[in-house]
Amino acid sequence: MKLWGGRFSKDTARMMDDFHSSISFDQRLYRQDIKGSIAHVMMLGKQKIIPQEEAELIKTALEDILKDIEDGKIEFDIEAEDIHLNIEKLLIEYIGDVGKKLHTGRSRNDQVALDLRMYIKEEIQTIQSMLQKLQEVLLNLAKDHIETIMPGYTHLQPAQPITLAHHLMAYFEMLKRDRGRLKNTHRNTDILPLGAGALATTTYPLDRQSVAAALGFPEITLNSLDAVSDRDFCIELLSDLSILMMHLSRFCEEIILWNSHEFQFIELDDAYSTGSSIMPQKKNPDVAELVRGKTGRVYGNLLALLTTMKSLPLAYNKDMQEDKEAVFDTIDTIKMCLPIFTRMIKTMKVKTDNMYQAATGGFINATDAADYLVKKNIPFRDAHKIIGKLVFHCIENNKTLEELSLEEYQSISPVFDESIYTAISLEECVHQRNIIGGPSKQMMEDVIQQNEFYLDNQASYE
Ligand code: ARG
């Protein structure tokens, strides 16, 4: 018989158990469930809601159950529906009637909200440390490439020269924001819902603050209806992780381009590439493609949960059981993507000559040529036109700006002198961009130093 079977005259259909039970996926919450139950039962004892010795007995049995689950000795029962009822059922099997006192002053509605919050808090910390590692790899790679010149693009057309360090540190900044969002979600998750009961708290004199302290929650929820109905913390997590995946997918797209035959800016390590079953020459960037692809399922999980929660009346509704698979699948996906993505970046070979080569030969320094004229007191709009004419002249004559003779320059504007050639050298173009946020050597060194400090002090940032 079901633990809740008193008012029923027959058992649920097998099809019903298959349909509504969540044990197949929520069993991963066993640790949080047991930890939460121990804190709850110890408080029941302390408050004399149940005898202290019985609370101790339940605690010891819950610890035994934890150990038995971890030793693989427990087979969960689909008829017991979910992880909460499975553990309660085991408890009663282990110690008999005393076990039936555990659920005093509690509902699965506040229990599941607690378990999920505890689980998400832990997982956020794991993801934060994975992000820390990825940022360290990016920062170290950037340090090696402060002077590696490459084309910067807009519209995927060569725009202005930058450095690889500048490009890599752009992703570093995105990851900083991702971590900030996760930190905020952690804060919103770190609130104890236990004590909300099914929806309207309970008549027992629970000491919610002591449960919060025992479980490491700095705050407790202030409205019981909200406490059992709220899944904002799950949606926030999925939203944070969707944005993170969006960032990774953009990076992946660039890795795929850079690794292509046409670009050849990098070469991915063999250990993180795959071959083709038919084309012997192929070496495919599967890690980058899969991370890019998995972004879709992470967005899908966010949309699924937003839609599930839409229009749900207060308080708990069984619809909300759908939260877990979306959360679990997203966390699993992120935890699979981040370490391999980090390895892929760490092991890739950078082809600095090809990057440099790609930045030459076009008109990537045209802005700098215009700025040269501005420094000689020509208004920018006029300078823009003059350089436009020069570029047109170059295209007509199949030349680059560097290849034009001084006479050719002067035929368009007498203001040009020999110094134009230094002004449009790629090195000069990059290192003259010496304001905060720019690619110059000095600025990159400065920014990298600031970000080293950030990485060393993450605890105070988070
Ligand atoms: N398995 C349920 C869930 O994940 C637990 C809460 C069930 N509460 C209820 N009143 N049926 O949402």
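We're numbering straight along the sequence, starting at 1. Only a predicted model underlies this, so the values are computations on that prediction, with no experimental measurement involved. In what follows, every heavy atom counts, from backbone to side chain, and hydrogens, waters and symmetry copies are set aside.
For D97, the side chain to side chain contact (heavy atoms under 4.5 Å, CB included) partners are K100, not counting sequence neighbours. The salt bridge (charged side-chain N to carboxylate O under 4.0 Å, His left out) test applied to E54 returns K101, not counting sequence neighbours. Contacts of Y30 classified as ring pair (Phe, Tyr, Trp, His ring centres under 6.0 Å), with partners at least two apart in sequence or in another chain: none. Residues satisfying the salt bridge (charged side-chain N to carboxylate O under 4.0 Å, His left out) criterion with E427, sequence neighbours excluded, are absent altogether.
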Donor-acceptor list for residues 296-305 side chains, cut-off 3.5 Å, not counting sequence neighbours:
from	atom 1	to	atom 2	distance (Å)
R297	NE	D329	OD2	3.1
R297	NH2	D329	OD1	2.6
R297	NH2	D329	OD2	3.4
N301	ND2	R297	O	3.4
N301	ND2	D329	OD2	2.9
N301	ND2	T330	OG1	2.9

Would you mind writing out the side-chain donor-acceptor pairs for residues 266-276 within the sub-3.5 Å range, not counting sequence neighbours?
from	atom 1	to	atom 2	distance (Å)
E267	OE2	K283	NZ	2.8
D269	OD2	A271	N	3.0
D270	OD1	K283	NZ	2.8
Y272	OH	R343	NE	3.1
S273	OG	D269	O	2.9
T274	OG1	D286	OD1	2.8
T274	OG1	D286	OD2	2.9
S276	OG	I278	N	3.0
S276	OG	M279	N	2.8

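Side chains of R208 and T221: a donor-acceptor N/O pair is present below 3.5 angstrom, by distance only.
For NZ of K349, the number of neighbouring non-hydrogen atoms (other residues, nucleotides, ligands) closer than 6.0 Å is 12 at most. Within a 6.0 Å sphere centred on NZ of K346, heavy atoms belonging to other residues, nucleotides or ligands number 12 at most.
The closest donor-acceptor contact from the side chain of Q132 to the backbone of L455 lies under 3.5 Å.
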Checking R117 against Q32 for the side chain to side chain donor-acceptor pair (under 3.5 Å) test, could you report, in this order, the C-alpha distance in whole Å, the side-chain angles of both residues, the deciding distance, and whether it holds?
CA-CA 9 Å; R117 283 177 186 265; Q32 291 78 9; over 6 Å; no
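Aromatic ring centres of H103 and W4 lie farther apart than the 6.0 Å criterion allows.
Residues D144 and T148 come closest through the heavy atom pair O-OG1, 4.3 Å.
For the atom pair CG of D33 and CG of L114, the computed distance is 8.0 Å after rounding to the nearest 0.5 Å.
Looking at heavy atoms from C-beta onward, W258 lies in side-chain contact with M150 at the 4.5 angstrom threshold.
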